[in-house]
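What follows is a single structure, written as structure tokens, with notes after it.
This chain uses plain numbering: 1 for the first residue, then up along the sequence.
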Amino acid sequence: MPPNLGAAIYGAITVGALLAAESAKRETYGETVAAVGLALVLYWLAHGYAEFLSRRLQHGKRLTAIGLAETMWHELPILAGAALPLAAVLIAWAAGAGLGSAISAAVWIAGGTIVVIEIAAGVRAKLSGRELVLQALLGAALGVLVLALRLVLH
């Protein structure tokens, strides 16, 4: 398991929400990929900095380059969690698909990623039957919220 799977989940949710807000009528592939990529990097930097600042406040520590770098490394899975949905957009672009279709596919993949991670957590916890289904439904609820955002905005 990656050391910070929670950050990967944040990345999947964030990229899904960012893509859900994109409009294929107003943006191009290049603009969409650039905007989402920049927003994800900004989110990663902000999240990492906030984590580091929080720890420094709690423990009365100084700002150090090494401490900041370690925190940023720990939060790097945010970008990894966003990779699969963003890759779907890039693949669709390369295949010549319409941007709207690419965004829809990526949003579905982001939602599905959350469900898969939730199921993996349930399997790893040796859940079965009803418990596993309930856990998968929790992941599905978050995925549905990402999809609902797409519907509300467009």
Inset, instruction - Please test Ile78 against Thr14 for side-chain contact (heavy atoms from CB on, under 4.5 Å), starting from the C-alpha separation and ending with a verdict. - result: CA-CA 9 Å; Ile78 288 173; Thr14 301; 5.7 Å; no
Legend entry - Hydrophobic cluster identity match, Ile103 and Trp108, side-chain contacts under 4.5 Å: yes
Inset, instruction - Could you tell me the separation between the CG atom of Leu147 and the CG atom of Leu142, rounded to the nearest 0.5 Å? - result: 11.0 Å
Inset, instruction - Nearest 0.5 Å please: distance from the CD atom of Glu27 over to the CG atom of Leu99. - result: 7.5 Å
Inset, instruction - Establish whether Leu38 and Leu79 are linked, either directly or via other cluster members, by ILVMFWY side-chain heavy-atom contacts under 4.5 Å. - result: no
Inset, instruction - Count the heavy atoms of every other residue, nucleotide or ligand shown that sit under 6.0 Å from CD1 of Ile66, and state whether that count exceeds 12. - result: no
Legend entry - Trp44 side chain vs Met72 backbone, donor-acceptor pair below 3.5 Å: yes
Legend entry - Nearest heavy-atom neighbours spanning Ala106 and Pro85: CB-O, 3.3 Å
Inset, instruction - Would you indicate whether the side-chain heavy atoms of Val36 and Leu86 approach each other to under 4.5 Å? - result: yes
Legend entry - Check: Gly100 main-chain N/O paired with Ser104 side-chain donor or acceptor under 3.5 Å: yes
Inset, instruction - Tell me, with the steps shown, if Thr64 and Phe52 meet side-chain contact (heavy atoms from CB on, under 4.5 Å). - result: CA-CA 10 Å; Thr64 64; Phe52 185 52; 4.3 Å; yes
Legend entry - Taking every non-hydrogen atom, the tightest pair across Val33 and Leu90: CG2-CD2, 3.8 Å
Inset, instruction - Answer yes if Leu138 and Leu145 sit in the same cluster of Ile, Leu, Val, Met, Phe, Trp and Tyr residues linked by side chain heavy atoms under 4.5 Å apart, and no otherwise. - result: no
Legend entry - Cluster check Ile91, Trp93: I/L/V/M/F/W/Y, side chain < 4.5 angstrom: no
Legend entry - Close side-chain approach of Thr32 and Leu19, heavy atoms under 4.5 Å: yes
Legend entry - Contact summary for Val15 and Ala110, nearest pair of heavy atoms: CG1-CB, 4.4 Å
Inset, instruction - Over all heavy atoms of both residues, which pair between Ala136 and Val115 is shortest? Give the atoms and the distance, please. - result: O-CG1, 4.3 Å
Inset, instruction - Could you tell me whether the side chain of Tyr29 and the main chain of Gly98 form a donor-acceptor pair under 3.5 Å? - result: yes
Inset, instruction - State, to 0.1 Å, how close Ala102 and Val89 come at their nearest heavy-atom pair, and which atoms those are. - result: O-CG2, 4.0 Å
Legend entry - Minimum heavy-atom distance Gly11-Ala82, with the two atoms named: O-CB, 3.6 Å
Inset, instruction - With the side chain counted from C-beta on, respond yes when Val107 and Val146 share a heavy-atom pair under 4.5 Å apart, and no when they do not. - result: yes
Inset, instruction - Find the distance between NE2 (His47) and NE2 (His74) and round it off to the nearest 0.5 Å. - result: 9.0 Å
Inset, instruction - Look up atom CD1 in Ile119 and atom CG in Leu132, then write down how far apart they are to the nearest 0.5 Å. - result: 6.5 Å
Legend entry - From OG1 (Thr113) to CD1 (Ile109), nearest 0.5 Å: 7.0 Å
Legend entry - Verify same cluster id: Leu40, Leu76 (apolar side-chain graph, 4.5 Å): yes
